[in-house]
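What follows is a short report on a single structure.
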Amino acid sequence: MSTVRAAESLLALSRQEELEDLPKDYPLSPSEDEGDIDGERKHQKLLEAISSLDGKNRWKLAERSEASLKVSEFNVTSEGSGEKLVLSDLLGPVKTSSSLAAVKKQLNRVRSKKTLELPLNNEEVERARTPLEHEVFNILHKNKQPVTDPLLTPVEKASLKAMSLEEAKMRRAELQRARALQSYYEARARREKKIKSKKYHKVLKKEKAKKALKDFEKLQKVNPTAALEELEKIEKARMMERMSLKHQNSGKWAKAKAIMAKYDLEARQAMQEQLARNKELTQKLQAASDSEEEKGSVEEEGELLVPDTVNEIQRDADGPNPWMLRNPFSGPKEAKVQDAEQLLEPVAHEASESKEEERPGAKEDILLNTFEERRALRKKSGLSQDAEPLRKQESEDSSSQEVLSELRALSQKLNKANQQSGKQNMTSLRTVLPVQREEPTEAEEEPLLMQRPERAHTMEELEELGKEGCFQNKEVPRPVVEGQQLERNPHNLPGAPKEKKRKEQMIDLQNLLTTKSPSVKSLAVPTTVEELEDEEERHQKQMIKEAFAGDDVIRDFLKEKREAVEASKPKDVDLTLPGWGEWGGVGLKPSAKKRRRFLIKAPEGPPRKDKNLPNVIINEKRNVHAAAHQVRVLPYPFTHHQQFERTIQTPIGSTWNTQRAFQKLTTPRVVTKPGHIIKPIKAEDVGYRSSSRSDLSVVQRNPKQLSTRHKKQLKKNSVN
Amino acid sequence: METASKPGRDVQPKKARLQTKKKKPRRYWEKEATLTAAGASPGPPRNKKRNRELRPQRPKNINLPKKSRIPGKPQFPKKPREQRNLEPQRNLSGAQDPFPGPAPIPEEVARKFRRIDKSKKLPHSKSKTRSRLEVAEAEEEEISIKAARSELLLAEEPGFLEGEDGEDTAKICQAEIVEAVDIASAAKHFDLNLRQFGPYRLNYSPVGRHLAFGGHRGHVATLDWVTKRLMCEINVMEAVRDIRFLHSEALFAVAQNRWLHIYDNQGIELHCIRRCDRVTRLEFLPFHFLLATASETGFLTYLDVSVGKIVAALNARAGRLDVMTKNPYNAVIHLGHSNGTVSLWSPAMKEPLAKILCHRGGVRAVAVDSTGTYMATSGLDHQLKIFDLRGMFQPLSARTLPQGAGHLAFSQRGLLAAGMSDVVNIWMGQGMASPPSLEQPYLTHRLSGHVHGLHFCPFEDVLGLGHSGGITSMLVPGAAEPNFDGLENNPYRSQKQRQEWEVKALLEKVPAELICLDPRALAEVDVISLEQEKKERIERLGYDPEAKAPFQPKPKQKGRSSTASLVKRRRKVMDKEHRDKVRQSLEQQPQKQEKKAKPLKARPSALDRFVR
């Protein structure tokens, strides 16, 4: 670090020197300047011409170290680049520079707008949108900073106006001088850098180091505080060194040397030197007092003396890390812990034991304890959840007992009517029914019974339906009853999760139609009824009617439904050819094996919508006419039809929207103002603001081109 | 009355327009805030028509029926508070707006205008798609908020009869109601004694101003029932089965003994449609311009009245049809049959869309409420049932009436009226979205003759009753929608406005084939043909352009790209995919096994056969 420091100080010094001697060598008054400079340039050119005579093509970097008064477009040269200057080179950045990428981005943003308003409105682009932007604009406004035109603040403008001609001239001269100085310094540094003598550099370094040391000492005497600061800086440098891997034999050079070190003494030395240097750099400055140091060392020793175990316990007391503290005596306890029932005991035990040792283990136990408890709780809740529906079903059972008997009678009647396979069904029905009666607790498993795969249509569906109905009227409450319940407490929303559960199950048709609904007691009974009959008679008549009517209605409907289901099912394809590979003739059927082999089973379609709705037949046929109006092609960015459907959910017509929303939804893509010229889009129009030094910014934004050019120049430099 | 201004968009003050003119021209779709900030009150956007019914009701605790509309009084919507920027701005006077920014909108109000169901999970989408979806969602939200804001303009509230401490509202008779209400409303209750021409059928025009009625013995008349001005009166010298207004009051159709006739408002016969013969019931679908007729011969015929063509003639195969109603939500026709079923029809399908077994006896009357959610049926088994039409078609409630209801009608706000011989009962539900509860009637009324026709007047709290003794107009507080859409159904429209509306309605005519059970399904992609086309494309190209390309290992340098290593790498990827697949299937299996395991337990044992 000392070298760095030294270099810095050296630099500063040289600068000062130059500043001092500059006025002597280069008088800067503009009047004298011109002739001199002209002569100088000619001299330079001459020198260059001479130097280029020696065969090697030596180019020197053309640089303008002095601000010229005029910049003419005719003075553009390709000097130093080693290339011919072509017009396209000059036009390049304007045409295809990637600096336009930013503009392009903005343009894309404009294009992606829902509606494009032409001609483009500048103000709209510049308007602040986010709160942060608002804030920034506010601050800018408050300080009267230019917002749109980035040139000069009003204060600057005023000061400009206030400046007199002389002042301006002086200021210009000053600026010129500063620039000249800089260029001289740069030139000198370049020159010095090119000196190849190692000895020179060594000497220079040593000199610098010495100087720095001297300076430091001087500083200590003169200004101790500044010296302290310097020290701090050195300390910081040390820290940096410690952090970095510099001087640690890990660099490329060091590795190469390490290979050589076996044979080469010099290399070995160099390595050692480097290591020493590292040590030196990373060594702590002994600024602290000795007494303090001693104390520290004593403490360290004390710590060392204490055995490890003590340390551990201390840590335990501080705050246990349960993972670190899996000590041997917690082993048996863990075994205990696994017994969920004994959980409370160990905790009590542990309390009696010595605290320091036991605490962590206890904590662990408690943790585990809670886990177990939770698990148990969960189990319980699960059980209770299971139990709840049970109870419900029981209650439902009791409520629907009366209905059940009636229904059974009905179903039996139905079964009798169909004697083809009646008996089997009856038995099966009966076998199931009493079981259910006896054990209402087993109601839990009833739905599973019903979920048993269908027996491939051996029974008639009608009977199946009837049977299933018998099963179900136990647990499926009559929908009508449910509706009434809903009515009674209107706060219950319809479509509660209850219904969802039952969705899977069939709703009994018989039930649906034969339930007695409570009769309305109307205030005004129709006159004709009152006159004709008295209540009893009417009631009886109604009963009779209800008992006899409807059976055939239900049967007809079920038949119709069955037919509809059959019709909608995909048909199997039979490809057997009678007589192919077999005896053929009248009355001969192809063998079952063959039929099986050539029967193509149709894939089962999706379940019918009315599968669980006994009183409904829903047509599954497609409405082809309506389908013609539906979208049948997914537009580009969408990969799934659900995504696209979501974007067309909202209607845009004025029937469904407010006027303003409708207008907004139906704005055209591009809106133009009548009578206004639409000019080509400029960068400024889309919010891309190039500064006044646009060419500079282009160069800065154009690293690629710059880099290529630079590479060439650098090559040249290195060659030189 | 006709000159009463409506809460439509044409109320915008002219001053504001002038002011805005001077300013820099702004587009009309720009944010409201910017426009209102200019100092003009915005023209109130038009009322939402479809969603109006969903409005939460706020019944007033009054003993009297509150008129649903106060005609004659110009009602300007309240001036909405000026919307400003979020930071409170100081006026010239130094006063500060205590409520800066736009007025907040309660979430529930906006939610009912939401169309996108966000609970549905979408398959994973690319970023480009996602941005599209986000745009759509943002748009929907903005629109719903706008709609919720315009809710403010629905100034009228429905009122109801409410009994004093447990008093039964059904006991309140018409005379008492008429006494209590103001004169204008009282004038809406009237009786027409027309005993000569037998039981009457009646129909109100869509705007609710006009009444057409036809007696069974040929008496046909239309009148502006509010002013009681007779428009036409004729005797067709034939039995009249049904009468119905077409899209406006200028035309009405009469189902006569043999054929269907169409008359204009002066009683001049315009058409005699012989293809529709022996029609028993008529229904008009206003958005499709379809006149549906049910005939004795068992045919349901759709007649497009805008072009005069028969769109479809469907054979119901269920004998004589004399119970018919329309579902105002999806324009599906409901037919009641003698075998206790109700069938749902669309002109696009030859078969019914659905068949519902409702009663053990024949169906006598069917009615569907205006939201298309509930259907009320009454049958020969003296039962009155209310069905839920949303997918499940299950009965929600049922009641046995002393004598079955022969006629049913739903009002705009969901009141259910049933005519039983000479008594009319009206039931009311709790809230807007609930079905009418059949426990206690809301109102009852006894007529001088048997009921033959029921129709609630739109936008007026009036129920029209046609019976053998003539016509009765009955006051039913809270029956109708208090706020009307001035652009859709304007009771006060002039002739010119009506003509304009007619043209617009014709331009917006919905094709007949779009009628289906779920109209929202039209906004879905036709998946079947989509997949079909995809398949065809694959066949045509010979490969699936959207399929995932098989893994191709990248070439590597320094001899590591040998064939063996390539194969190895390819195999590695393949194995990984295979493993993933197996893992997935394993994850799914336990669920299946659980499902399977339980039925095994329940398998009946062999000994079951001995159980008797």
Side-chain angles (χ1 to χ4, degrees), chain A residues 431 445 448-449 451-452 479-480 483-484 487 490 512-513 517-520 522-529 542 546 549-550 553 556-557 613 615-619 623 625-627 629-632 637-638 640-650 655-661 663-664 667, chain B residues 9 28-29 45-46 49-50 115-116 122-123 125 128-129 132-133 136 140 143 146-147 150 170 339-340 348 351 353-357 360-361 383 393-403 420-423 425 430 437 444 446 513-514 516 523-527 529-530 598-599 602 608 611:
Chain A
T431 52
E445 279 165 0
L448 306 172
L449 257 172
Q451 279 172 9
R452 181 173 33 168
V480 173
Q484 284 159 13
E487 276 169 25
L512 221 117
L513 293 172
S517 53
S519 58
V520 166
S522 173
L523 281 169
V525 179
T527 44
T528 47
V529 179
Q542 199 176 307
E546 276 176 29
V553 165
D556 287 351
F557 187 80
L613 309 170
N615 67 328
V616 184
I617 305 171
I618 297 175
N619 199 344
N623 185 353
H625 301 290
H629 291 266
Q630 278 177 294
V631 180
R632 53 177 61 199
F638 301 104
H640 198 271
H641 64 90
Q642 281 175 358
Q643 295 163 351
F644 178 60
E645 275 162 18
R646 185 163 281 197
T647 59
I648 55 169
Q649 288 283 304
T650 41
T655 321
W656 299 275
N657 290 309
T658 58
Q659 185 64 18
R660 199 148 282 156
Q663 281 167 338
K664 195 176 178 193
T667 39
Chain B
R9 56 179 167 190
Y28 49 79
W29 57 83
R46 180 184 163 189
K49 194 195 136 232
R50 291 273 180 277
R115 299 272 185 356
I116 294 177
L122 282 185
S125 41
K128 208 165 206 176
T129 319
R132 283 272 197 104
L133 288 172
E140 184 237 9
I143 285 164
K146 267 182 184 155
S150 69
N339 59 357
E351 292 90 34
L353 300 173
K355 258 189 182 181
I356 310 157
L357 181 57
R360 298 176 71 191
Q383 287 206 328
F393 304 107
Q394 293 306 313
L396 296 172
S397 57
R399 275 286 183 287
T400 308
L401 303 175
Q403 197 180 18
M420 299 160 285
S421 66
D422 63 342
V423 170
N425 271 11
Q430 274 93 6
S437 69
T444 49
R446 190 184 290 279
E513 65 258 28
L514 291 186
C516 52
E524 283 166 10
V525 175
D526 186 6
V527 181
S529 48
L530 180 78
K598 281 184 182 173
D608 275 354
V611 179

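In what follows, chains are A, B, ... by sequence order, proteins preceding strands, each numbered from 1. All values below were derived from every heavy atom in this structure, side-chain atoms included, with hydrogens, water molecules and symmetry-related copies excluded.
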Tell me the closest heavy-atom pair linking K146(B) and A661(A), and the distance in Å.
CD-CB, 4.0 Å
State, to 0.1 Å, how close R132(B) and T647(A) come at their nearest heavy-atom pair, and which atoms those are.
O-CG2, 4.3 Å
When the 4.5 angstrom heavy-atom criterion is applied to A354(B) and chain A, the contacting part is both
Closest-packed option against chain A by number of heavy-atom pairs under 4.5 Å, given I356(B), L122(B), L514(B)
L122(B)
Run the side-chain hydrogen bond (donor to acceptor under 3.5 Å, both in side chains) test against S529(B) and tell me which residues pass, sequence neighbours left out.
D526(B)
Closest heavy-atom pair and its distance - K355(B), F557(A)
O-CZ, 3.8 Å
Look only at the side chain of T129(B) and the backbone of P637(A), and say whether a donor-acceptor pair between them is shorter than 3.5 Å.
yes
So, the part of F638(A) with a heavy atom under 4.5 Å from chain B: the answer is both
Under the side chain to side chain contact (heavy atoms under 4.5 Å, CB included) rule, what do H629(A) and E513(B) come out as? Steps first, then yes or no, please.
CA-CA 9 Å; H629(A) 291 266; E513(B) 65 258 28; 3.1 Å; yes
Would you compute the distance between atom CG of N619(A) and atom SG of C516(B) and round it to the nearest 0.5 angstrom?
12.5 Å
Kindly write out the residues that satisfy side-chain hydrogen bond (donor to acceptor under 3.5 Å, both in side chains) with Q649(A), not counting sequence neighbours, or none if the list is empty.
R520(B)
Mind listing the closest non-hydrogen atom pair of Q394(B) and V616(A) along with its distance?
NE2-CG2, 4.3 Å
Backbone N/O of E645(A) and side chain of E524(B): donor-acceptor pair under 3.5 Å
no
Of all heavy-atom pairs between R646(A) and L133(B), which one has the smallest distance, and what is that distance?
CB-CD2, 4.0 Å
Could you check whether any side-chain heavy atom of Q643(A) comes within less than 4.5 Å of a side-chain heavy atom of P123(B), counting everything from C-beta outward?
yes
Nearest 0.5 Å, what's the CD1-CD1 distance between I116(B) and I648(A)?
10.5 Å
